[in-house]
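Read through the structure below, which is laid out as structure tokens, and then see the notes.
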2 protein chains.
Amino acid sequence: MLKLSRLTDYAAVVMAQIARHPQVSHAAADLADAVQLPHPTVSKTLKMLVKAGLLESQRGVQGGYRLARPASHITAADIIAAIEGPVAMTECSQAEGECDLAATCGVADNWQRVSLAIRTLLESVTLAHLADTTPIKLPVQLPIQSISLASA
Amino acid sequence: MLKLSRLTDYAAVVMAQIARHPQVSHAAADLADAVQLPHPTVSKTLKMLVKAGLLESQRGVQGGYRLARPASHITAADIIAAIEGPVAMTECSQAEGECDLAATCGVADNWQRVSLAIRTLLESVTLAHLADTTPIKLPVQLPIQSISLASA
DNA sequence: TTATACAGGACTAAAATGGTACCCATTAAC
DNA sequence: GTTAATGGGTACCATTTTAGTCCTGTATAA
């Protein structure tokens with residue numbers, strides 16, 4: 001499936017919610033209510049997002065969370081990395097030179113290139129795009145297919 | 001991490017191995033030896049690939065596996081789908097209209113677009129590319145960033 | 001000083017994943 | 001026709017990952 005984890009999904013939804021009201025501080029409980037997800041889980045997600053530097057938190061009365069930087073400067077890749085770690089399709093496309101099977105594999109290099117392409121794509125999608133209720137226009141069909149994959 | 005499962009990784013390696021010698025039939029045991037992975041696991045992977053229609057199998061003495069169609073007509077998306085099911089980043093980008101949270105989500109549409117972009121990318125990478133020991137040239141940096149993500 | 005709200009970590013339950021084993025079906029070779 | 005090689009299918013178990021919860025501590029505004 002090449003699927004995002006559920007927490008990552010939550011993170012995106014919560015981030016989008018915050019992004020739609022960037023001025024105010026959002027308490028974890030309010031956010032959980034707004035997106036209809038269990039409070040503790042949302043809270044956990046928020047903590048991870050803070051740790052990754054995507055959100056800033058304020059303790060105490062009237063505290064809460066807000067974006068650490070403008071939504072247009074937070075990417076889908078950032079959000080995914082905050083919850084799941086860096087975007088990488090295979091073990092070896094992450095930590096280089098760690099794979100015992102490198103000799104017999106013969107695919108690693110190319111997977112890494114594909115991985116990079118996906119990462120680049122995810123870096124080009126910002127939170128501002130995700131939060132926008134009018135769908136982003138992704139004229140991908142043509143441009144992506146036009147990427148030359150010819151070897152050499 | 002947005003990672004492929006290990007079995008999918010194996011599948012790609014095994015497929016590439018077969019693609020490099022398309023004429024002969026490959027016994028499961030030989031393939032397992034070649035790629036240095038446990039026999040039963042490789043065997044399991046091969047069965048899935050057959051079921052997905054990417055490989056053809058021949059039973060009996062001198063039997064084995066071979067590609068169901070030319071390597072240039074088998075895509076990375078095919079291989080991933082064979083093991084993990086269709087490429088989709090979120091639950092809802094797969095089965096439409098199934099998500100209870102659609103009302104409060106507000107992100108679904110855009111995730112689906114991103115998902116589609118990734119799928120398209122994976123469909124543009126063929127087994128022939130993966131099996132090629134000389135790395136495929138993926139000049140993604142510019143083209144992908146040039147995809148306009150402006151809304152409307 | 002107190003109520004509010006985040007921080008951090010430990011813990012548990014559930015699900016997915018990976019790996020193995022077993023027995024059956026088919027087929028080529030003799 | 002018998003035999004040995006080889007894939008087909010299923011069931012099972014161990015491990016890991018994921019998700020979710022809870023508890024205790026700390027900061028802060030009123």
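Since the model is a prediction, treat every value here as computed from it, not as a measurement. Residue numbering restarts at 1 for every chain, and letters A, B, ... go by the order of the sequence lines.
Around the NE2 atom of A:H21, the shell of radius 6.0 Å holds no more than 12 heavy atoms that belong to other residues, nucleotides or ligands.
A sub-4.0 Å separation between OP1 or OP2 of D:dG8 and a side-chain N or O of B:S57 is present.
Atom pair A:I80:CD1 and D:dT18:P shows a separation of 14 Å (rounding to whole Å applied). In this structure, the CG atom of A:L46 is 9 Å from the P atom of C:dA7, given to the nearest Å. Rounding to whole angstrom units, CG of residue A:L2 and P of C:dA16 are separated by 17 Å. Rounded to an integer number of Å, the gap from A:Y65 OH to D:dT28 P is 14 Å. With rounding to whole Å, A:L37 atom CG is found 12 Å from D:dA19 atom P. Computed from coordinates, the B:E84 CD to C:dT17 P distance equals 7 Å when rounded to whole Å. As rounded to whole Å, 10 Å separates atom P of D:dG7 from atom CD1 of B:I18. Distance B:M48 CE to D:dG9 C1': 13 Å, rounded to the nearest Å.
In this structure, the side chains of B:Y65 and B:L49 stay at 4.5 Å or more apart for every pair of heavy atoms. Using a 4.5 Å cut-off on side-chain heavy atoms (C-beta onward), A:I18 and A:L127 make no contact. In this structure the side chain of B:M48 never reaches within 4.5 angstrom of the side chain of B:L54, judged on heavy atoms. Between B:L67 and B:L55 there is a side-chain heavy-atom pair separated by less than 4.5 Å. Taking the side chain as every heavy atom from C-beta outward, B:D78 and B:H73 never approach each other to under 4.5 Å.
Atom CD in A:Q112 sits 6.5 Å away from atom OG1 in A:T90 (nearest 0.5 Å). In this structure, OG1 in A:T41 is found 10.5 Å from CG in A:L46, a value given to the nearest 0.5 Å.
Comparing D:dG8, C:dA3, C:dA7 by their closest approach to the side chain of A:R59 singles out C:dA7.
Each of A:Q58 and B:G63 was assigned the nucleotide of DNA chain D with the nearest heavy atom; the assignment lying further toward the 5' end belongs to B:G63. Each of A:K51 and A:V61 has a nearest nucleotide on DNA chain C; the 5'-most of these lies closest to A:V61.
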Which pairs, protein N/O on one side and nucleotides 18-22 of chain C N/O on the other, fall under 3.5 Å?
from	atom 1	to	atom 2	distance (Å)
C:dG18	OP1	B:R6	N	2.4
C:dG18	OP2	B:S5	OG	3.3
C:dG19	OP1	B:R6	NH1	3.0
C:dG19	OP2	B:Y10	OH	3.4
C:dG19	N7	B:K44	NZ	2.9
C:dG19	O6	B:K44	NZ	3.1

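Shown for residues 22-34 of chain B: residues whose heavy atoms fall under 4.0 angstrom of DNA chain D, namely B:H26, B:A27, B:A28.
Of the candidates B:L37, B:I83, B:V42, B:L37 is the only one forming a side-chain contact (heavy atoms from CB on, under 4.5 Å) with B:Y10.
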